[in-house]
Structure formats: C-alpha cells, structure tokens
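Have a look at the structure below, then the notes.
Just so we're on the same page: letters track the sequence lines, and every chain starts at 1.
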2 protein chains.
Amino acid sequence: MTFQKRTHKILELLEHHGEVEIRQLATEIGVSEVTVRRDLASMAKDGLLYRTHGGAMKISELIKPVSFANKAAVNLKAKDAICKRAAEDIIDGDVIFIDCGSTAFRLCQFIKNKKIKVITNSLPVVNELQHSTVTINLIGGEVDTTRQAVHGTMAYEHIARYHASKAFLGVDGIAAEGLYAGSEHEASNTLAMASQSDCVYMLCDASKIGKTSYLKFNDLSLVDILVSDYNGPEVTEFGSKGISVLSVTV
Amino acid sequence: MTFQKRTHKILELLEHHGEVEIRQLATEIGVSEVTVRRDLASMAKDGLLYRTHGGAMKISELIKPVSFANKAAVNLKAKDAICKRAAEDIIDGDVIFIDCGSTAFRLCQFIKNKKIKVITNSLPVVNELQHSTVTINLIGGEVDTTRQAVHGTMAYEHIARYHASKAFLGVDGIAAEGLYAGSEHEASNTLAMASQSDCVYMLCDASKIGKTSYLKFNDLSLVDILVSDYNGPEVTEFGSKGISVLSVTV
DNA sequence: TCATAATTGATCAAAAATAATCAAAATGAA
DNA sequence: TTCATTTTGATTATTTTTGATCAATTATGA
C-alpha cells in the first residue's frame, strides 16, 4: 500500500468519523504506527487534517466563515411567498439569472436542491448557494460593497456573453408607465440580464406596485411574468400590456 | 509488444483499476520490470499518470481538493510575516492582483487602509476587504466552492483585460526547475495574473520551497520577487536565476 | 502538584524500489 | 547481408520507504 493510497484511506475514515486514532489506523491499513504517524505529519503539513495526541481530527470548516449577509428585513413573508411560487417554474437543466436585489435573494432557499446553473452578480446569492447542487457563475467587475454586488462595464459585457432560459429580477418600482430603478447600476444590470433571457420574471412585493422613482429605465415590455402578492386594479392593466401575473397570498 | 501497445494496455488497466503495480504489469505484459519502469517514467512525463513507489496512479485518483479553510490553518505565522513584508512594497495608487491562495489571503489585513485597487478571484479576499479603503474588482466566471474562488475561461479572459503594477501570488511548490501548482485551474490563474503584471511577487512559506507536485506549469522566469521565511541554500540559487529574494523571520 | 503512562521525534538499520550503466537482442536501412 | 540505431534486460549503486529502538515530551489522574 503506497503513501497516496493510505492518504486516501485516512481522509475517508476522517470524513466519516470526524477523528481517527493511530493505533486503529495502523491495524486497519496494515502498517506500523510509525508509518501512520509519518503520514499524519505530512498530511497535517498540507492542511488536510489537524494532528492530535494519538490521532488526528478534521479541520473544522467553521474556523473562518466567509459570509456575505443579505439584510432583507422588510416584507420578508411576502418575498418568500413570491419566491416560493417563482421557484416552482424552475426545472432541472435551467440556466437562470438572479440579480442582486433583496427579493431575488430569497429565491435561493427554494432552489438549493435543483440541478441548475445560476448566473448572478450578487455576493449573498453566491454565499447562500455554496453548499447546494447548483453550479454558480459569478459576474465579474467592480464590487459595490454597500450593495454586496458586482457592477460596471465589465459586468455588463460579461452578462452579454451568457444566455439564460429565465431571469429572476427585482425593481424599485413598477407602474403602468414602466420600470423604475434605485440606481443607474441596478437599471443597467436589470437590462443586461433581461436582454439575455428567454423569459423575464419580475419579483415584486405589494410595496413596489405603482411606485415610481427618479429613474424610469424601461417600459413594461421587458417583463414576461410578474410574481406578486398584490391584487389591486393595476394587475389587470399589467395583464393588458402582455404581462402574465402570478398572484400569491401571504 | 511495442512501446505504443504497452502504453495502451497500461492506460487501460489504470482506467479500470485506478492504480497499477510494476510487478503486476511486468508479468501481465510479459516484459521486465525495468522496461515497465521506463514506460511509466515516459508516461508520467507526458502527464498521462502519476508515478508512485512500486507503481502508478490515475491523476484523477490523486487529486484531493483541499478546502480553503483547511489550507488557511497551516503555517499561519509564517504567512503573516511574509505578507507583512510584502505589504510594505504596496503604495497608494497601486493596482494589484491577489490570487485565491491561503497565503495571499493574509495580505488583506495589511492593506486595508491603503488607497489601492485590488483585482482578485478569491471570495475570502473580497469578504475581508469589504469594509476598507480598497476598491475591489472581482474576476467573473465559474465559482469553485471548495477553493472559494472563481475560475474558468471567462475568468482568464477577464484577467487578460486588466493590467496591474504588482501581482501577489502563491504556488503549491517552487524549486530550481520551476513552479508547481496544485491544480490546472490554479496554474492557469497564476499564469494569467502574472502575465498582466509589471512585477510578480511570489509568497511562499518554507514548506513550499523545494516542493514539487505532478504539475509543473512554468519556469522561474515568471517570478520577479520571492518573499519567504526560508533561508536555505536554494535561496542563492533563486537569486542566480534573476529572482530577488526577500527573507523574513517568523 | 507530582508521578505514571502514553505519545512523540530522532536516529538507525533493513528492505524495497529506483536510476544509471552497460551489454545483448531486435529492428531497419543501405 | 552488414552496419547503425533502437529497444530491452541484467547488474549495481543510490535513493526511498518502512519499522525498531530509545530519549524527550505530553497527557492524565491521584
């Protein structure tokens, strides 16, 4: 049994049990304790395990948790209900865009077990999907630490090189006249992702419906499907403009 | 049986079993052990397999991805000393590359108050520099959750569009013969960043000096400055190959 | 705290595997 | 065929790996 093979075996046992003893490894593998000790020393040097007296332990992944938190405090229940409904439309094999808004972020929890590819410019989304079956593609460019997202020319060029079956986006406001953004960056990003998608899902809780801001960046034709907990008169108007509206109840 | 036929047979056995022994191959193929050894040496040189004592392994069997948290826990003090020295060379206005290694990551703590631009493919680096005076540019592409980094074709293209005054990089091993990487992704990334930088700083703790791995990706000419806590005979050899060596004490 | 037991690191020797050298055999061209 | 080249196998020195031994260190319980 070579060193490489023993390394494999030790890591396997470690993964399964969390810790191992030298005595036990020596008999299990069929080599002397001195050899096992040498193996463990070498592996510890490479950071594959943590050496203890008489054995070794797994190095905890929790030493330094890298985290990009999303502080989406408002209207959480509505956002979750909207995203739960939107996730039902996502099927294995899909390639989807998720933008850096607090609404689209809530979609992550519902897609963790799907076999899809997610393209995003949101750091919290990447963080949230890290330990899932989803493959992640991160848009490159300048990092906006306030928004915890990537933007800039390079980012929009990057988006332009991809194509997705569905895009899950948010806006600052949506009214009959069009779509409103909170910043030019958000507007550019939304446009870039929408133009590269077959089907654009707009995720808007009730507070966004009818709201306008200083920056109207596009008319409603950008949107294919609106998912919302709102149920007022504007909804029929959106419908008449070619948007399918998925209503959810909170 | 010709060399080509034997090569084919060995690869077949390797594919099926994952590993082979020289003794076993010699009897199976009907040639002497010396010949088998010669075959394996030649194949290993071409990267078709990994040579072990008494046999060979499939490269894919050998690769054991080590998580970022694991690597980060090793030789912390040496890494900090190295990065502290390296940071002294970074001046306001610099544009620098930082790679996704655990050594270069330790550089973050020393540059938080500098007015520089950092281009990186490392998620922990972005996280660490979030609340600092540094402007961050994140490389886009596929996210590798084990290494906590971005890689892939898109990433290397992205890097090629930038230019930096300095690059702070790590390797798996550095010896007189050249630079060794832990994976092809790491190799591609290191090359991409180095080629777009005026000055390449290689950050290596003592355990990396003289170490080799299965993947040699470049000779030493890539490196301008080596920062290390190692002080042995190899250092003068590096010096004679045109590398400036900055020695630090832990 | 101290004493006892267990574990470790260091050194050394044996065994196995390898690299290097050289001669024999096979191959191929003139 | 003959000569040169390549390939193979035997031999030997060197290196690597492994296991044993023992002093030094560390953990544990009285």
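The pair B/Lys211-B/Asp172 meets the salt-bridge criterion, with a side-chain N (NZ, NE, NH1 or NH2) lying under 4.0 Å from an Asp/Glu carboxylate O. In this structure, B/Arg37 pairs ionically with B/Glu33, as a charged nitrogen and a carboxylate oxygen lie closer than 4.0 Å. Between B/Glu186 and B/Lys71, at least one side-chain nitrogen of the basic residue sits less than 4.0 Å from a carboxylate oxygen of the acidic one, meeting the salt-bridge criterion. Using a 4.0 Å cut-off between charged nitrogen and carboxylate oxygen, A/Lys9 and A/Asp39 do not count as a salt-bridge pair. A salt bridge links B/Asp205 with B/Lys208: at least one charged nitrogen is closer than 4.0 Å to a carboxylate oxygen.
Between B/Val34 and B/His53, the residue anchored nearer the 5' end of DNA chain D, judged by the nucleotide with its closest heavy atom, is B/Val34.
OP1 or OP2 of D/dT8 lies within a sub-4.0 Å distance of a side-chain N or O belonging to B/Arg6.
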- Message: If you apply the rule side-chain hydrogen bond (donor to acceptor under 3.5 Å, both in side chains), what do you find for B/Gln130 with B/Asn127, and how did you get there?
- Response: CA-CA 5 Å; B/Gln130 248 180 115; B/Asn127 187 62; 3.1 Å; yes
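Rotation axes derived from the C1' atoms of the five outermost pairs at either end of the helix from C/dT1-D/dA30 to C/dA30-D/dT1 lie 40° apart, to the nearest 10°.
Nucleic acid contact class of B/Thr52 (heavy atoms, under 4.0 Å, all strands): sugar-phosphate only.
The separation between B/Ile22 atom CD1 and D/dT17 atom P is 13 Å, rounded to whole Å. Counting to the nearest Å, the C1' atom of D/dT8 and the CD atom of B/Glu33 are 14 Å from each other.
Comparing D/dG9, C/dT7, C/dA17 by their closest approach to the side chain of A/Arg37 singles out C/dT7.
Residue side chain B/Arg38 reaches the base of D/dG9 through a donor-acceptor N/O pair under 3.5 Å, judged by distance alone.
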